Amino acid sequence: MMPWVRMHCVKGYLDMISVIEDFPGIHPNFNLTPVLLLQIKELVDGQIKDLWLEWSRKPAAELNDDEKFSLLENFFKSNWDNLIKPEPRYWELLNKRGLTLYRDDVRRGLRYFSTQEFLDLQVWYNLAWCGYTACRLYPELRELRAKGRNYTEQEKNRLLDIHLDIMKLVLRKYADAESRGQAELTTTPFYHPILPLVYDSAFAERSLPGRKFPNRFHWPQDAAAHLTLAVEQHTALFGKAPRGLWPSEGSIAPELIPLMQETGIQYFCSDEENLFNSLRRDPSRHNGTVDHLELFQGWRVRAAGATVNALFREKPLSDFIGFMAAKNEPAKAADHLLHHLRHIAELVPHDTGLIPLILDGENAWETFRDGGEGFLRALYGGIEAESGLLQSCTIENYFQRQPPSREITTLHTGSWIGSNFDIWIGEEEENRAWDLLGETRSFLQKQIDSGALRADRQALALREIYAAEGSDWFWWYGPDFSSENDDLFDELFRQHLKNVYLLCDRVPPPQLDRPINRAKVTQIYEQPTQLISPRINGKLSSYFEWIGAGHYTPGVEQGAMYRSERLLEKMFFGFDAANFYLRLDLLKWDRVSLVLSFSQPAGVSLRTAPLTRDGMQSFFIKKPHRKELVRHTLAAVDIIEWAVSLSDLGLAKSDPLSFRLQILQDGIEREIYPESDPVKLSVPSEEFTLENWFV
């Protein structure tokens with residue numbers, strides 16, 4: 001139904017494995033989820049179709065109105081800044097469709113798009129996703145980019161053939177990297193379930209006590225099946241069994257350790273908070289204190305008579321790569337990371353120390369203008385250039401060289417997000433999905449136990465259950481995350497459950513026809529509701545002084561990736577008759593400086609030096625076409641408070657004002673808010689107070 005397996009193959013998957021060929025001293029681990037490998041294989045073998053590839057293949061002159069609308073709706077679902085705006089023809093087509101998708105207007109406007117424009121859109125959507133390695137391996141891709149427009153059907157079909165060639169090439173390149181000893185390939189439970197919740201959903205209460213949970217879902221045999229199927233497929237594809245496991249979303253529980261050992265898994269990886277929580281629960285630690293430096297080593301985990309090794313990810317540096325490296329100049333971002341790696345390396349024993357950087361392997365690279373090539377080359381080159389302090393190794397090689405000397409006997413139950421399972425269970429939509437899954441699983445088991453189901457039907461029906469146990473259905477349910485495709489995901493989840501009944505020659509129950517998803521309206525920020533005049537002293541002098549201000553809370557825009565630690569807790573903004581006010585509540589102040597960039601008035605920015613918490617300090621207003629900076633003061637003590645006169649910003653009543661906040665640390669951009677679109681306001685008019693009057 002969607003093209004992301006193919007698109008990530010021609011971009012990040014190919015790029016990541018290819019770039020290490022130029023750095024023989026770099027030895028990464030690549031975790032390949034079994035359900036991804038299955039889809040690549042099925043697409044390459046022609047067992048399944050890619051709907052978006054079908055739309056792309058169809059001659060533009062033969063597209064019907066529904067297909068044309070689908071192209072205009074879906075073929076701009078790319079990173080606009082990095083994949084669309086740099087290409088004049090692609091950007092032109094997006095502007096013609098409209099930057100905001102008004103479905104009725106787009107349908108009415110289909111007749112204004114020529115056949116050539118639809119053909120160019122088919123080409124550009126598929127061409128823009130081709131990464132830097134694809135363009136080197138296939139020079140004709142660079143020729144197509146240079147041509148820019150007026151493509152032919154032959155050129156389009158050659159481009160799509162290249163996509164399929166790359167999909168055949170990708171897995172071979174990963175296998176080759178492992179066979180030459182440069183990389184290690186690890187696996188995940190087959191359909192990417194939250195394995196502890198599949199084993200027993202009651203485990204969620206261990207880290208979320210007091211929450212309302214669904215009816216108990218307790219299928220340990222399914223948890224075991226996800227591991228067994230993963231190992232079997234991995235072995236068949238790569239000729240050797242995986243030694244390591246990334247449990248989906250880093251989700252662990254002590255009950256899983258025997259299952260890992262039984263399937264031949266030698267080690268797993270998870271998040272640092274799960275380690276720290278495990279150590280705090282250790283009865284031998286009477287005071288419960290944990291030294292952060294204990295993170296940088298391997299561990300032996302023992303539970304129910306089984307033993308498996310483990311590593312736990314260093315969170316802040318891993319998150320820096322995934323979220324903030326793309327915001328900075330590549331060499332500078334790599335230097336920032338290398339500086340911190342060297343610092344850690346100086347603090348931990350050189351013979352046993354390990355710094356595990358673990359992150360989402362696909363989504364991050366779309367945010368880099370060059371697909372991450374400059375950053376990765378600078379980072380890998382920097383590591384190779386180190387004189388013994390840092391070196392790259394696979395996890396398997398580390399454990400062979402350095403068996404763990406430390407042991408965990410009280411493993412915490414949790415994921416790499418909040419060290420709990422809040423994202424996937426405990427909200428109304430999530431609980432309903434678990435209940436429907438549980439009812440369907442129980443129905444299937446009764447059919448199996450009765451002997452009424454043929455072996456082939458039983459295997460197919462269990463596969464439908466395993467697919468429905470995947471974590472990502474539950475990621476999009478509930479209020480935590482949302483996408484343009486929530487309704488489709490909901491429909492697909494319920495279809496898997498319906499298929500179980502159909503395979504058992506039964507009519508699916510009517511509740512599976514009712515959407516689980518409820519319409520979500522994500523309010524990124526609240527507009528001001530009244531004029532304010534706070535005292536600018538860096539302290540919350542009165543509860544009432546910021547009442548009526550607009551406000552923004554980081555994290556409301558999260559999509560396919562979760563970001564944990566942040567520097568900003570909350571941002572407030574508002575006006576009185578003469579000034580614009582801004583208040584920032586920071587969680588961390590160390591070496592932090594700020595840039596407030598306005599898109600209206602265009603080119604204006606407010607900039608600070610590194611902040612101190614000692615009262616009034618300087619910030620500067622930069623305006624377009626002016627070399628001099630205008631110096632002003634802000635207050636920073638418990639909170640940060642700014643007041644800027646509207647006249648200094650060049651604003652009058654009713655003028656639009658929009659801005660984003662950049663947070664820098666050591667000159668490196670660490671965060672930007674809002675993450676998607678700027679805060680958009682209007683300077684209050686004379687009628688503002690009357691329009692927003694309340695008691």
Side-chain angles (χ1 to χ4, degrees), residues 1-12 39 43 48-131 134-135 141 144-145 147-164 166-167 362-363 365-367 371 483-489 492 559-560 676:
M1 297 295 291
M2 293 187 184
W4 307 123
V5 170
R6 174 168 54 91
M7 294 310 194
H8 283 303
C9 276
V10 302
K11 191 171 174 63
Q39 291 174 93
L43 284 164
I48 58 174
K49 291 185 176 181
D50 170 349
L51 176 62
W52 296 34
L53 181 59
E54 299 289 305
W55 288 338
S56 301
R57 283 283 192 197
K58 189 165 185 178
E62 298 176 15
L63 293 167
N64 61 40
D65 281 356
D66 286 341
E67 291 164 335
K68 290 177 179 178
F69 177 80
S70 294
L71 262 61
L72 293 176
E73 179 184 23
N74 294 300
F75 278 26
F76 298 104
K77 289 181 178 176
S78 302
N79 185 299
W80 287 9
D81 288 334
N82 297 335
L83 299 185
I84 298 181
K85 288 182 181 178
E87 311 298 345
R89 176 60 159 172
Y90 202 3
W91 181 234
E92 171 192 322
L93 293 171
L94 174 57
N95 278 276
K96 183 169 182 175
R97 186 214 66 177
L99 300 183
T100 302
L101 178 69
Y102 295 107
R103 301 175 69 88
D104 291 341
D105 290 347
V106 170
R107 283 198 181 277
R108 285 192 293 268
L110 291 177
R111 64 185 183 274
Y112 298 116
F113 282 83
S114 68
T115 298
Q116 185 63 59
E117 286 175 317
F118 279 113
L119 176 53
D120 285 358
L121 178 56
Q122 288 173 314
V123 169
W124 264 116
Y125 178 68
N126 291 282
L127 180 58
W129 269 91
C130 292
C135 291
L141 296 178
L144 287 177
R145 284 180 179 272
K147 182 176 180 180
R149 61 177 64 225
N150 297 326
Y151 296 111
T152 67
E153 289 288 343
Q154 291 76 15
E155 289 170 327
K156 178 185 75 176
N157 282 301
R158 175 57 186 148
L159 164 63
L160 299 174
D161 289 343
I162 289 173
H163 275 216
L164 297 179
I166 290 172
M167 293 186 73
E362 58 189 19
N363 292 309
W365 312 118
E366 297 167 41
T367 62
S483 78
E484 297 173 317
N485 302 301
D486 285 4
D487 292 340
L488 175 59
F489 296 146
L492 291 172
S676 51

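A quick note: this is a predicted structure, and the numbers were derived from the prediction, not measured. Side chains included, hydrogens not; waters and symmetry mates left out as well; all remaining heavy atoms used.
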Short side-chain to backbone donor-acceptor contact, Asn485 and Leu488, under 3.5 Å:
no

Flag the pair Asp161 and Arg158 as a salt bridge only when some basic side-chain nitrogen lies within less than 4.0 angstrom of an acidic carboxylate oxygen.
no

How far does NZ of Lys77 sit from CG of Leu83, to the nearest 0.5 angstrom?
15.0 Å

Nearest 0.5 angstrom please: Asn79 CG to Asn363 CG, how far?
11.0 Å

Check salt bridge (charged side-chain N to carboxylate O under 4.0 Å, His left out) between Lys58 and all other residues, then give those that pass, not counting sequence neighbours.
Glu67

Tell me every residue that passes side-chain hydrogen bond (donor to acceptor under 3.5 Å, both in side chains) with Arg107, counting only those two or more places apart in sequence or in another chain.
none

Suppose we screen for salt bridge (charged side-chain N to carboxylate O under 4.0 Å, His left out). Which residues come up paired with Glu366, at least two apart in sequence or across chains?
none

Kindly give the heavy-atom pair with the smallest separation between Ala134 and Val10, and that separation in Å.
CB-O, 3.9 Å

Hey, what do you get for OH (Tyr125) to CG (Leu71), rounding to the nearest 0.5 Å?
10.0 Å

Apply side chain to side chain contact (heavy atoms under 4.5 Å, CB included) to Glu92 and list each qualifying residue two or more places apart in sequence or on a separate chain.
Arg89, Arg149

Tightest non-hydrogen contact, residues Cys135 and Cys130, listed as SG-O, 4.2 Å

Can a donor-acceptor pair be found, under 3.5 Å and without considering hydrogens, that links the side chain of Gln116 to the backbone of Thr152?
no

Does the ring of Tyr112 carry Lys96 above it, NZ/CZ under 6.0 angstrom from centre and within 45° of its axis?
no

Test Leu72 against Leu121 for side-chain contact (heavy atoms from CB on, under 4.5 Å), laying out the working first.
CA-CA 8 Å; Leu72 293 176; Leu121 178 56; 3.9 Å; yes

Once side chain to side chain contact (heavy atoms under 4.5 Å, CB included) is applied, do any residues pair with Ile84, and if so which ones, sequence neighbours excluded?
Phe76, Ser78, Trp80, Tyr90, Trp91, Leu94

Parallel, tilted or perpendicular, as decided by the 30° and 60° cut-offs, for the rings of Trp4 and His8
tilted

Okay, side chain of Glu62, backbone of Pro59: is any donor-acceptor separation there less than 3.5 Å?
no

Separation of Asn126 CG from Leu53 CG (nearest 0.5 Å):
7.0 Å

Using the side chain to side chain contact (heavy atoms under 4.5 Å, CB included) criterion, which residues pair with Glu73? Sequence neighbours excluded.
Phe69, Leu101, Arg103

Can you name the salt bridge (charged side-chain N to carboxylate O under 4.0 Å, His left out) partners of Lys156, sequence neighbours left out?
Glu153

Residues passing the side chain to side chain contact (heavy atoms under 4.5 Å, CB included) test with Asp487, sequence neighbours excluded, are Asn517

Qualifying residues under side-chain hydrogen bond (donor to acceptor under 3.5 Å, both in side chains), relative to Lys147, sequence neighbours excluded:
Glu155

Could you grab the distance from atom OH of Tyr151 to atom CD of Gln122, nearest 0.5 Å is fine?
12.5 Å

Nearest 0.5 angstrom please: Ser114 OG to Asp120 CG, how far?
7.5 Å

Listed partners of Trp55 passing ring pair (Phe, Tyr, Trp, His ring centres under 6.0 Å), at least two apart:
Trp52

Apply side-chain hydrogen bond (donor to acceptor under 3.5 Å, both in side chains) to Arg111 and list each qualifying residue two or more places apart in sequence or on a separate chain.
none

Partner set under side-chain hydrogen bond (donor to acceptor under 3.5 Å, both in side chains) for Glu362, not counting sequence neighbours:
Tyr13

With no hydrogens and no angle check, is any side-chain donor or acceptor of Arg57 less than 3.5 Å from a backbone partner on Asn157?
yes

